[in-house]
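Written below as structure tokens is the structure these notes are about.
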Protein chains: 2
Amino acid sequence: MKFEAITIKDIAKALGLSTSTVSRALRDSYEISPETKQKVLLYAKENNYRPNPIALSLKEKRSSSIGVLVCEIANSFFSQAINGIESVAQEKGYNVIIAQSKEDFEKEISSLQYLASRSVDGIIFSVSAETSDFSHVQQLYGRGMNMVSFDRVVDFPDIHKVSVDNYKAAYEATTHFIKNGFSNIACIANAAYLSITKERVEGYTAALRDHNIKLDPNNILYCLHGGLIYEEVAEIMSHAMNSKQKPDAILACSDKITTNVMRYCQQQNIAIPKQLGLVGFSNLDLTDLLAPSLTVVSQPAYEMGRIAAELLIKQIESKRPIKEFEDVVLATELHQRASSEKKKAKL
Amino acid sequence: MKFEAITIKDIAKALGLSTSTVSRALRDSYEISPETKQKVLLYAKENNYRPNPIALSLKEKRSSSIGVLVCEIANSFFSQAINGIESVAQEKGYNVIIAQSKEDFEKEISSLQYLASRSVDGIIFSVSAETSDFSHVQQLYGRGMNMVSFDRVVDFPDIHKVSVDNYKAAYEATTHFIKNGFSNIACIANAAYLSITKERVEGYTAALRDHNIKLDPNNILYCLHGGLIYEEVAEIMSHAMNSKQKPDAILACSDKITTNVMRYCQQQNIAIPKQLGLVGFSNLDLTDLLAPSLTVVSQPAYEMGRIAAELLIKQIESKRPIKEFEDVVLATELHQRASSEKKKAKL
DNA sequence: GCATTTTACGCAAACGATACCGGTATAAAT
DNA sequence: ATTTATACCGGTATCGTTTGCGTAAAATGC
């Protein structure tokens with residue numbers, strides 16, 4: 001079955017006009033008489049005429065659609081970000097085409113290829129946990145695709161970037177632990193290559209250093225697959241908790257890692273925060289209802305999405321190539337709750 | 001800036017052939033010599049040629065894209081469902097364009113219009129909480145748009161539908177309450193017009209009837225805006241909990257209502273399940289970690305998305321109009337946890 | 001050796017909309 | 001009466017791709 005819409009030709013035929021006249025009448029050109037205009041406009045309205053966007057796209061060489069590549073939609077951070085992207089896109093007459101990498105490098109490449117081959121006008125992307133080599137991105141970008149790097153940003157300079165101050169976020173979270181009497185704090189981070197991982201780990205180590213706590217390298221733990229599957233996190237936790245120098249607190253550096261750490265603790269009957277303090281990065285809106293209520297670092301995901309979309313669309317609609325690139329860095333929020341409550345007084 | 005891709009014309013010019021020859025060589029037509037074919041294929045591969053989907057769309061009168069209309073992306077049920085839709089779409093070479101109604105009737109109409117005007121080949125939709133009149137859907141469907149009704153299904157017969165057995169889900173949840181000694185069970189449902197609301201309320205009332213509990217009409221409460229905003233739920237809860245016959249248990253009939261009821265109870269220091277039992281519809285994957293762990297009815301959202309996408313694509317690709325319409329009804333799962341624990345023995 | 005078939009390719013139309021380049025009719029100016 | 005201006009509208013190329021038709025050259029048949 002096909003959905004047949006009325007075309008400019010149908011109007012022309014019905015009214016005994018040429019397609020060019022109809023086109024001009026619809027676009028309110030000065031060289032069409034008011035009577036003809038009205039006839040055309042009326043007929044168009046009555047028959048619910050909509051210009052065929054595909055024909056427009058072919059002619060204008062633009063599709064008025066933007067691609068979004070994230071690792072997973074069903075993740076509170078990304079779904080909120082997509083929400084923000086979608087709101088701006090809708091305002092500006094673009095539609096949003098989504099693709100998921102599932103934290104898989106190959107799927108990321110094919111997804112980008114897919115979006116590019118679908119003639120999107122631009123792409124907002126967050127790289128997968130497996131991605132250490134950005135040449136596929138650089139190649140696409142170099143060939144003229146409009147792109148905005150988002151959340152997990154790439155390391156080359158001439159591109160718009162939207163992210164949060166991960167260094168500060170981790171620094172504050174770690175400091176919060178220290179102030180509450182935790183000292184042997186482990187950091188479970190995402191894959192080591194990611195910008196967000198590097199920055200968060202740096203913030204974590206800096207906070208320890210600034211408070212004269214010696215860093216135990218074994219306390220920095222990486223999830224190669226972004227903690228997407230429970231087993232990955234469980235194994236890391238199990239290893240950490242069975243070591244001699246077992247940590248008294250965990251800084252979980254992603255949404256998925258956070259919930260999986262909690263799940264592990266519940267299954268192993270590890271009391272939070274008594275036996276183990278926990279602060280997690282999370283954008284879920286019910287972390288305050290968890291047992292115990294969870295201290296979280298939350299990101300302005302919706303706002304990030306909006307800004308990324310605005311930058312991208314501005315770039316798409318710019319007449320000349322962009323020379324000045326934005327590096328937008330937003331602030332996170334630390335919500336202090338029960339999962340990191342005071343262990344003992346310290347300073 | 002524009003992303004310029006190589007076209008069939010470029011290949012033709014480079015190789016001194018006509019576009020038709022190149023086109024046929026790429027499609028492996030028998031009327032092209034093996035040598036020419038190889039030359040073309042090689043050149044195409046080297047220059048990373050991809051057929052322009054927009055030109056194809058214009059010619060074939062199909063866009064190989066499907067629209068998805070949900071009330072909100074940032075909702076675990078819908079993001080999981082979109083996940084399922086996206087996986088099937090990817091397999092079959094379609095892309096997914098998303099639109100949100102935000103539970104708003106006007107936005108639902110404009111979103112559908114938007115999707116239709118973007119030349120999607122079909123639409124999977126779940127109506128908004130405000131939607132009681134389906135004529136806009138019926139009109140679009142009647143004009144030949146392929147559509148699959150999903151989750152909150154419409155009431156006309158000749159359309160594919162994918163939903164869950166809401167009657168049974170609510171019946172089981174209510175029975176579970178009764179078996180655990182709760183008797184004055186309130187049901188906070190979505191907007192009254194929605195299929196899911198009607199079915200869930202019916203299941204609820206049937207369970208009461210079958211267990212010889214008299215139904216108090218005041219115990220059926222509706223959220224006109226789907227419980228999207230906290231205040232809506234808080235007001236309903238406040239009214240219920242301050243009534244003479246205040247309920248000893250709540251059946252929360254949607255994701256948002258469930259979390260907002262929990263939030264209300266926490267703020268008002270209402271102990272669950274001691275003062276108030278709670279069972280909620282929810283697709284969050286960490287309801288077991290809430291305080292108290294939450295008894296939930298979960299839906300196979302991913303699977304629903306997959307099935308809906310498969311039905312839609314089958315319909316799109318069908319040569320003749322579909323005569324037989326599927327009404328797929330999947331089972332929900334009741335996860336019994338602490339929030340609805342035994343109050344006193346009964347039976 | 002001529003007629004016929006086969007092979008291999010080019011030409012042009014079509015999809016829907018736009019825009020440049022025209023053209024015609026009426027009216028006004030010379 | 002002829003030119004000129006103005007108002008209004010049509011023809012056609014274009015975007016990238018496919019496809020029916022046409023046709024030259026090569027291959028085959030007798």
Side-chain angles (χ1 to χ4, degrees), chain A residues 2-41 43-45 47-65 93 116-121 143-144, chain B residues 2-41 43-44 47-65 93 116-121 144:
Chain A
K2 248 166 226 169
F3 178 75
E4 300 283 358
I6 183 176
T7 76
I8 222 167
K9 286 187 188 174
D10 299 327
I11 301 180
K13 200 173 288 174
L15 263 40
L17 295 166
S18 76
T19 59
S20 32
T21 304
V22 175
S23 173
R24 268 181 290 231
L26 291 170
R27 325 198 81 241
D28 201 27
S29 164
Y30 68 95
E31 25 183 354
I32 304 294
S33 71
E35 303 87 61
T36 308
K37 255 182 213 173
Q38 194 166 0
K39 262 202 309 189
V40 172
L41 255 22
Y43 190 89
K45 179 149 231 161
N47 294 81
N48 199 31
Y49 168 79
R50 310 269 153 187
N52 183 326
I54 293 180
L56 263 310
S57 295
L58 183 58
K59 183 131 184 61
E60 310 273 331
K61 298 204 177 205
R62 54 199 299 280
S63 60
S64 290
S65 65
S117 79
R118 297 305 262 171
S119 300
V120 293
D121 294 337
R143 275 167 53 217
Chain B
K2 249 165 220 165
F3 178 75
E4 300 284 356
I6 182 175
T7 76
I8 226 169
K9 287 186 187 175
D10 300 327
I11 301 180
K13 199 173 290 175
L15 264 41
L17 294 166
S18 76
T19 59
S20 37
T21 304
V22 175
S23 173
R24 270 183 277 245
L26 290 169
R27 325 197 82 242
D28 203 26
S29 163
Y30 67 96
E31 11 178 357
I32 305 296
S33 71
E35 304 89 60
T36 308
K37 256 183 212 172
Q38 194 163 0
K39 263 202 306 189
V40 172
L41 254 23
Y43 190 90
N47 293 80
N48 198 31
Y49 168 78
R50 310 267 154 189
N52 183 324
I54 293 182
L56 264 309
S57 295
L58 182 58
K59 190 131 188 55
E60 311 274 331
K61 297 201 179 208
R62 55 199 300 277
S63 61
S64 290
S65 65
S117 78
R118 298 305 273 176
S119 300
V120 294
D121 294 337

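Letters A, B, ... are given to chains in the order of the sequence lines, protein chains preceding strands, and every chain is numbered from 1.
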- Task: For a side chain to side chain donor-acceptor pair (under 3.5 Å) with A:R50, tell me which candidate from A:N48, A:N52, A:N47 qualifies.
- Result: A:N48
- Residue from B:V40, B:I11, B:I8, B:I32 passing side-chain contact (heavy atoms from CB on, under 4.5 Å) with B:L17: B:V40
- B:S18 side chain near C:dG10 phosphate (N/O to OP1/OP2, under 4.0 Å): yes
- In whole angstrom, give the distance that lies between atom CZ of B:R62 and atom P of D:dT17. 17 Å
- Query: What does A:S57 touch in the nucleic acid at a heavy-atom separation under 4.0 angstrom: a base, only the sugar-phosphate, or nothing?
  - Reply: nothing
- Message: Any base atoms under 4.0 Å from B:I54, or only sugar-phosphate, or nothing? Heavy atoms, all strands.
- Response: nothing
- Task: Using the side chain to side chain contact (heavy atoms under 4.5 Å, CB included) rule, take B:V22 and B:Y43 through it: C-alpha gap first, then chi angles, then the decisive distance, then the call.
- Result: CA-CA 10 Å; B:V22 175; B:Y43 190 90; over 6 Å; no
Atom pairs under 3.5 Å, N or O on each side, protein against nucleotides 13-15 of chain D: can you list them with distances?
| from | atom 1 | to | atom 2 | distance (Å) |
| --- | --- | --- | --- | --- |
| D:dT14 | O2 | A:K59 | NZ | 3.1 |
| D:dC15 | OP2 | B:K9 | NZ | 3.1 |

- Take the protein atom CG of B:L17 and the nucleotide atom C1' of C:dC9, then report the distance between them rounded to whole Å. 8 Å
- Item | Closest non-hydrogen atom pair, B:P53 against A:S117 | CG-O, 2.8 Å
- Item | Closest contact, heavy atoms only, B:T19 versus B:K9 | CG2-CG, 3.8 Å
- Check whether any side-chain nitrogen or oxygen of A:Y49 sits under 4.0 Å from OP1 or OP2 of C:dA17, and answer yes or no. yes
- Message: Within the 4.5 Å heavy-atom criterion, are A:S20 and A:R24 side-chain neighbours or not?
- Response: yes
- Message: Closest-nucleotide mapping onto DNA chain C: is A:L56 or B:E35 further toward the 5' terminus? I mean the 5' end.
- Response: B:E35
- First locate atom CD of A:E60, then atom CG of A:D121, and finally report the distance between them rounded to the nearest 0.5 Å. 11.0 Å
- Message: For nucleotides 20-25 of chain C, give me one character per nucleotide, 5' to 3': B if any protein heavy atom sits under 4.0 Å from the base, S if the only such contacts are to the sugar-phosphate, - if neither.
- Response: BB----
- Ignoring backbone atoms, establish whether B:S33 has a side-chain N or O less than 4.0 Å from OP1 or OP2 of C:dA8. no
- For the residue pair A:S23 and A:R27, what are the closest heavy atoms and their distance? O-CG, 2.7 Å
- Quick check: does any side chain N or O of A:S63 sit under 3.5 Å from a backbone N or O of A:S119, one acting as donor and the other as acceptor? yes
- Starting at atom NZ of A:K13, determine the distance to atom C1' of C:dC15, rounded to an integer number of angstrom. 13 Å
- Message: Measure CD1/A:I32 against C1'/C:dA19 and give the value in whole Å, please.
- Response: 12 Å
